[in-house]
Amino acid sequence: MSIKKIAVLGQGQMGSGIAQHAAAKGFQVMLYGRSLAKVKAVVERMGAAMDKSIAKGVMTEEQKAAALANINTTDRLEECADCDIVIEALAEDMELKKSTLAKMDEICKPEAIVATNTSSLSITALAAATKRPDKVIGMHFFNPVHIMKLVELVKGYYTSEETFAAAKELAGALDKVSVKLEKDTPGFIVNRILFAFLLEAVHIYEEGIASKEDIDLAIKHGLNHPMGPFALMDLGGLDTFPSICEYLFAEFKDPKWATPQSIKANVRAGRYGVKNGRGWYDYQK
């Protein structure tokens, strides 16, 4: 099928990033959030971000105007009814996602694809909330969306090859590199590997072997990573970390996936990372 109009559910880091990138690539986008005022404020921030790109010479005023013209905002799911694909990018909560996908299943036209940006949750379980499991697929984008090239395309048990082909075509039109997961496995490819790496870094820190600063330096200069694991956790958002750990722990029944106490302490203290200016490190300067 030809995808021209995209509904993006959620105006957080990932939802807004997907919406902005898709609009810049020429797609019509309907951006949904529960508060219309907040959604409109997000679009204003997109404009400010584009101004920075213009100042750097990587975007023109005409391109900015065209991208913003491609974005419509709403606080009513019903206004997404004519979209060719829905990309759900809400909080990493199974019940929230299932209830939302069930609503979209009732609202969307029969041929529409229902995609989820979940980073770890079962596509098969999410698809079971709909009457179109063959048209449900995981499209896991990475943050920041306009920079990170990868999209994990995750098939649920019933996802059709036609649905996969359409999602792959869309990823290509968004100038993304896509990988195909034939099995619906917890954490997919990247998070299954990444969280093992991040959790081990936290364990080294909690055992008093090295400071978080030195662990980050070791990984940056020893493995040539652009940033260390603690800076990376701050960028991704510590508030989403426990839910992913809990899901991996529940699925694999292995204590290595349990949420470390230092992560819980940060989250309880409201230290979520870059998004609110304080996490493992302070960004309020």
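Just so we're clear, the structure is a prediction, and the values are computed from it rather than from any experiment.
- Distance alone, capped at 3.5 Å, places no donor-acceptor pair between the Lys5 side chain and the Ile85 backbone.
- Looking at every heavy atom in both residues, Leu31 comes nearest to Ala19 through CD1-CB, 4.0 Å.
- No continuous path of hydrophobic side-chain contacts links Val86 to Val154 [ILVMFWY only; heavy atoms under 4.5 Å].
- When each of Val29, Asn72, Ile71 is checked for a side chain to side chain contact (heavy atoms under 4.5 Å, CB included) with Val43, only Ile71 meets the rule.
- Residues Glu88 and Thr100 bring no donor and acceptor atom of their side chains to less than 3.5 Å of each other.
- Less than 6.0 angstrom separates the ring centroid of Phe230 from the ring centroid of Trp280.
- Across all their heavy atoms, Cys83 and Met30 have their closest contact at SG-CB, 4.3 Å.
- A side-chain donor-acceptor contact under 3.5 Å links Asn191 to the backbone of Ser119.
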Go through the steps to decide whether Asp93 and Ser243 satisfy the test side chain to side chain contact (heavy atoms under 4.5 Å, CB included), and finish with yes or no.
-> CA-CA 7 Å; Asp93 179 292; Ser243 62; over 6 Å; no
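- Interatomic distance, SG of Cys245 versus CZ of Phe195, reported as 5.5 Å (0.5 Å rounding).
- Evaluation of the side chain to side chain donor-acceptor pair (under 3.5 Å) rule for Arg192 yields Thr185 as partners, not counting sequence neighbours.
- Rounded to the nearest 0.5 angstrom, Glu95 CD and Leu126 CG are separated by 9.5 Å.
- The closest side-chain heavy-atom distance from Leu181 to Glu152 is below 4.5 Å.
- Aromatic ring centres of His21 and Phe27: separated by at least 6.0 Å.
- Under a 4.0 Å N-O distance rule, the pair Glu79/Arg76 qualifies as a salt bridge.
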**Asked** Should Asp254 and Phe249 be marked as a side chain to side chain contact (heavy atoms under 4.5 Å, CB included) after you check the CA-CA gap, both sets of side-chain angles, and the distance that decides it?
**Response** CA-CA 6 Å; Asp254 188 329; Phe249 178 71; 5.8 Å; no
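- Counting only heavy atoms from C-beta outward, the side chains of Pro133 and Tyr157 never approach each other to under 4.5 Å.
- Ile137 contributes atom CD1, which lies 10.5 Å from atom NZ of Lys168 (distance to the nearest 0.5 angstrom).
- Atom NZ of Lys103 is surrounded by 12 or fewer heavy atoms from other residues, nucleotides or ligands within 6.0 Å.
- Atom CE of residue Met14 and atom CD1 of residue Ile87 lie 10.0 Å apart, to the nearest 0.5 angstrom.
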Apply salt bridge (Lys or Arg N to Asp or Glu O under 4.0 Å) to the pair Glu200 and Lys256, showing each step before the final yes or no.
-> CA-CA 9 Å; Glu200 194 58 33; Lys256 77 177 185 179; over 6 Å; no
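- Nearest heavy atoms, Leu174 versus Ala22: CD2-CA, 3.7 Å.
- Remark: side-chain polar atoms of Asp216 are paired, donor with acceptor, to backbone N or O of Ala231 under 3.5 angstrom.
- The closest side-chain heavy-atom distance from Ser120 to Tyr247 is below 4.5 Å.
- Contact check on Arg132 versus Asp105 returns a salt bridge, with a Lys/Arg side-chain nitrogen under 4.0 Å from an Asp/Glu carboxylate oxygen.
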In sequence, state the C-alpha distance, the side-chain angles, and the governing distance for Ile244 and Glu92, and then conclude on side chain to side chain contact (heavy atoms under 4.5 Å, CB included). CA-CA 7 Å; Ile244 297 173; Glu92 200 73 348; 4.3 Å; yes
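- Minimum heavy-atom separation, Ala167 to Met139: O-CE, 3.8 Å.
- Within the 4.5 Å cutoff, the side chain of Asp184 has no heavy atoms near those of the Lys155 side chain.
- Listed for the Thr73 side chain is no donor-acceptor partner under 3.5 Å among the backbone atoms of Lys40.
- By the 4.5 Å heavy-atom criterion applied to side chains, Leu77 and Met104 are counted as neighbours.
- We find the OG1-CG distance between Thr259 and Leu199 to be 8.0 Å, quoted to the nearest 0.5 Å.
- Shown are Lys4, Lys109, Gln28; of these, the side-chain hydrogen bond (donor to acceptor under 3.5 Å, both in side chains) with Asp84 is made only by Lys109.
- Lys64 contributes atom NZ, which lies 10.5 Å from atom OG of Ser53 (distance to the nearest 0.5 angstrom).
- The minimum heavy-atom distance between Ile123 and Gly138, with the atom names listed, is CD1-CA, 3.6 Å.
- In this structure, the side chain of Ser16 engages the main chain of Gly12 through a donor-acceptor pair within 3.5 Å.
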Quiz item: Could you walk me through whether Asp75 and Arg34 pass the salt bridge (Lys or Arg N to Asp or Glu O under 4.0 Å) check?
Solution: CA-CA 5 Å; Asp75 58 357; Arg34 287 182 296 178; over 6 Å; no
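- Comment: Asp234 does not engage Arg271 in a salt bridge, judged by the lack of any side-chain N to carboxylate O separation of less than 4.0 angstrom.
- When all heavy atoms are compared, the tightest approach of Cys80 to Leu9 is SG-CD2, 4.2 Å.
- Partners of Ala125 by side-chain contact (heavy atoms from CB on, under 4.5 Å), not counting sequence neighbours, listed by chain and number: Met94, Ser122.
- Transitive grouping of hydrophobic side chains (ILVMFWY, heavy atoms separated by less than 4.5 Å) brings Phe241 and Phe252 into a common cluster.
- At a threshold of 4.0 Å, the pair Glu161-Lys180 counts as salt-bridged, since one of the basic side-chain nitrogens sits closer than that to a carboxylate oxygen.
- No donor-acceptor pair under 3.5 Å is formed between the side chain of Lys275 and the backbone N or O of Tyr272.
- Val39 places none of its side-chain heavy atoms less than 4.5 Å from the side chain of Thr74.
- Ile147 and Leu194 fall into different hydrophobic clusters, where Ile, Leu, Val, Met, Phe, Trp and Tyr are joined by side-chain heavy atoms under 4.5 Å apart, directly or via other members.
- Ring geometry for His140 versus Phe142: interplanar angle of 30 to 60°, hence tilted.
- A donor-acceptor pair is defined here as one N or O able to donate and one able to accept, closer than 3.5 Å; no such pair exists between the side chain of Arg278 and the backbone of Gln284.
- Follow the hydrophobic side-chain contacts under 4.5 Å out from Ile193 and you reach Met148 in the same cluster.
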Begin from the C-alpha positions of Glu162 and Lys135 and carry the test side chain to side chain contact (heavy atoms under 4.5 Å, CB included) through to its verdict.
CA-CA 8 Å; Glu162 290 77 13; Lys135 295 186 181 301; over 6 Å; no
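- Following chains of ILVMFWY side-chain contacts shorter than 4.5 Å, one cannot reach Ile113 starting from Ile107, and the two form parts of different hydrophobic clusters.
- The side-chain tip of Lys176 does not point at the ring of Phe141 from less than 6.0 angstrom away and within 45° of straight on.
- Using a 4.5 Å heavy-atom cutoff, the side chains of Thr60 and Ile54 are not in contact.
- Looking at Glu213 and Tyr281, their side chains come closer than 4.5 Å, going by heavy atoms from C-beta outward.
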